[in-house]
Protein chains: 2
Amino acid sequence: METLRERKKRRTRDALLRAALELFTTHGYERTTVDEITEAVEVSQRTFFRYFAGGKEEAAFAVQDLAEAHFVAAVRARPPHEAPMEALRRAVLEGWDTINEAVAAVVPVELYLRMYRLIESTPALLAVHLRRSTEREEELARLLAAREGLDVDADPRPRLAVAAFGGVLRVTERQWSTGPDFSPEAMRALTAAHLDLVGPALTGHWRST
Amino acid sequence: METLRERKKRRTRDALLRAALELFTTHGYERTTVDEITEAVEVSQRTFFRYFAGGKEEAAFAVQDLAEAHFVAAVRARPPHEAPMEALRRAVLEGWDTINEAVAAVVPVELYLRMYRLIESTPALLAVHLRRSTEREEELARLLAAREGLDVDADPRPRLAVAAFGGVLRVTERQWSTGPDFSPEAMRALTAAHLDLVGPALTGHWRST
DNA sequence: AGGCTAGTGACAGCCACTGACAATTGACAA
DNA sequence: TTGTCAATTGTCAGTGGCTGTCACTAGCCT
């Protein structure tokens, strides 16, 4: 079972994380200081940095970590006979269908979505988000390459395909976060629509839809 | 003509920029302090921040700005009858062919390439680079949409196509910056090869090639 | 020549982050 | 229980990026 010490640690971390996200999403990321977060939880500043060695940034992406791991797991769970792009497509849609399972245990889904929007609208956070996305893309490229029996360093196709897929997701994120409907369902629908359009978008001529 | 004041300003800025890039590329980005840069040029720290309000970051990307503007200009110069993706492809290859013209007036091309590598290998800089890339992609999407007579907010295809194109460039940058040949020619060749492969990469099955 | 103003330096201060050391508190065995 | 050990936390001091303020100097313009 869980020892008292571990329980306390977990609570402190959760309290810090929740306070951080709440402050970020209400007052803005850069405008909230670490001191404000620790005052809200009544711990020392030093303690915050011990839980989040990456500083405010790590706190800001803690829940994203869960959601993205959820998505990668969905990719891994796809049957091996599916074509790579098809597996990615189904996994990402599945991920949005079941986003609650991945996130709700730590923070309300609504807070996660608010934080997602904040990341998209805060340049410093968006930059980090994009870097993290490329790290995930590298992971997926290796995954798919292994699945198809390819050497990811000899054959660029897995990385290229995943990068193109990632590009579609970025366009989707951006449109979703600036649009009027912040529900997971809206995100899911937009993702599906965009994935359907990427083929036509690349085939040269747009005038003759 | 150019007044004495303006000449002095220009020189100070150039000196700061060159000192910054030189220090970044030799000692590393984060390990270089602003004080070190200003001591090398013999100005106060405050002066550095007056020229580079964005701090070290702005200095790190000053030359990238030139190169990227060079590329966008090449896209604009493409004949309107070319298909969008074809215009992007030719413009980016052209950009690497004539990179000297865009950069050499301010810093040696070799220093620019070293800085490029450093950006790719420094997480904090890579993140910013990726965000800047999406800004450029937005610019290109609007450009191409206008060219084709489309409304970029109503039709997602321009953004999707440009995002996929950008994804290919990112894969290329990454491979180039970790490879053995840092010449513009190598970058050009890699870019062309990857652009040729993105089509096949997206067509479902990789095993039977 | 002399007033105007842009550019600069010096200084003070905020915030993110880190290292070192001391104090506290849970864990566990005698 | 109680004493010991180890994990957790707080305090303090310091570095570096960055900003506001103010006074001063040097180029500009009439």
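Note that the structure is predicted; figures quoted are calculated from it, not measured. Residue numbers start from 1 in every chain, and the chains themselves are labelled A, B, ... in the order their sequence lines are given, proteins ahead of strands.
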Nearest whole Å is fine: how far is [N] [atom2] from [X] [atom1]?
X       : N      : atom1 : atom2 : answer
A/Arg11 : C/dG26 : CZ    : C1'   : 14 Å
A/Arg5  : D/dT8  : CZ    : P     : 6 Å
A/Glu58 : C/dC17 : CD    : P     : 10 Å
A/Phe48 : D/dT8  : CZ    : C1'   : 17 Å
B/Leu16 : C/dG7  : CG    : P     : 14 Å
B/Arg10 : C/dT8  : CZ    : P     : 14 Å
B/Gln45 : D/dG17 : CD    : P     : 7 Å
B/Glu30 : D/dC18 : CD    : P     : 11 Å

Task: Sugar-phosphate only, base, or nothing, as touched by B/Thr32 at under 4.0 Å among non-hydrogen atoms - done: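 Sugar-phosphate, backbone atoms only, no base.
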Task: Selected nucleotide, minimal atom distance to A/Arg50 side chain, candidates D/dG10, C/dG26, D/dT8 - done: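 Of the options given, the side chain of A/Arg50 lies nearest D/dG10.
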Can a side chain N or O of [X] be found less than 4.0 Å away from OP1 or OP2 on [N]?
X       : N      : result
A/Thr47 : D/dT8  : no
B/Lys8  : D/dG27 : yes
B/Lys9  : C/dA6  : no
B/Tyr51 : C/dG7  : no
A/Lys56 : C/dA16 : yes
B/Ser44 : C/dG7  : no

Task: Any donor-acceptor N/O pair under 3.5 Å between C/dG26 base and A/Arg7 side chain - done: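 Per atom types, no contact qualifies.
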TODO: Please evaluate the base of C/dG19 for a donor-acceptor partner in the side chain of A/Arg46 within a cut-off of under 3.5 Å?
DONE: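 Yes, a donor-acceptor pair under 3.5 Å.
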Open item on the list: With a 6.0 Å cut-off on the ring centroids, do B/Tyr116 and B/Trp176 count as close?
Closed with: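 Yes: the rings meet the under 6.0 Å criterion.
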TODO: Please state whether the rings of B/Phe24 and B/Tyr29 are parallel, tilted or perpendicular, taking 30° and 60° as the class boundaries.
DONE: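 If you compare the ring of B/Phe24 with that of B/Tyr29, the planes turn out perpendicular.
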Open item on the list: Quick one about B/His129 and B/Glu173 (side-chain donor to acceptor, distance below 3.5 Å, no hydrogens or angles considered), yes or no?
Closed with: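 Note: B/Glu173 and B/His129 side chains meet the donor-acceptor criterion.
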Task: 5' priority, DNA chain D, between A/Val43 and B/Tyr29 [closest heavy atom] - done: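 Upstream on the strand: A/Val43.
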Open item on the list: Side chains of B/Arg114 and B/Glu110, heavy atoms from C-beta outward: is any pair under 4.5 Å?
Closed with: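 The answer is yes; the side chains approach within 4.5 Å.
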TODO: Would you name the heavy atoms of B/Ser177 and B/Glu120 that are closest together and state the gap between them?
DONE: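 Taking B/Ser177 first and B/Glu120 second, the nearest heavy atoms are OG-CB, 3.4 Å.
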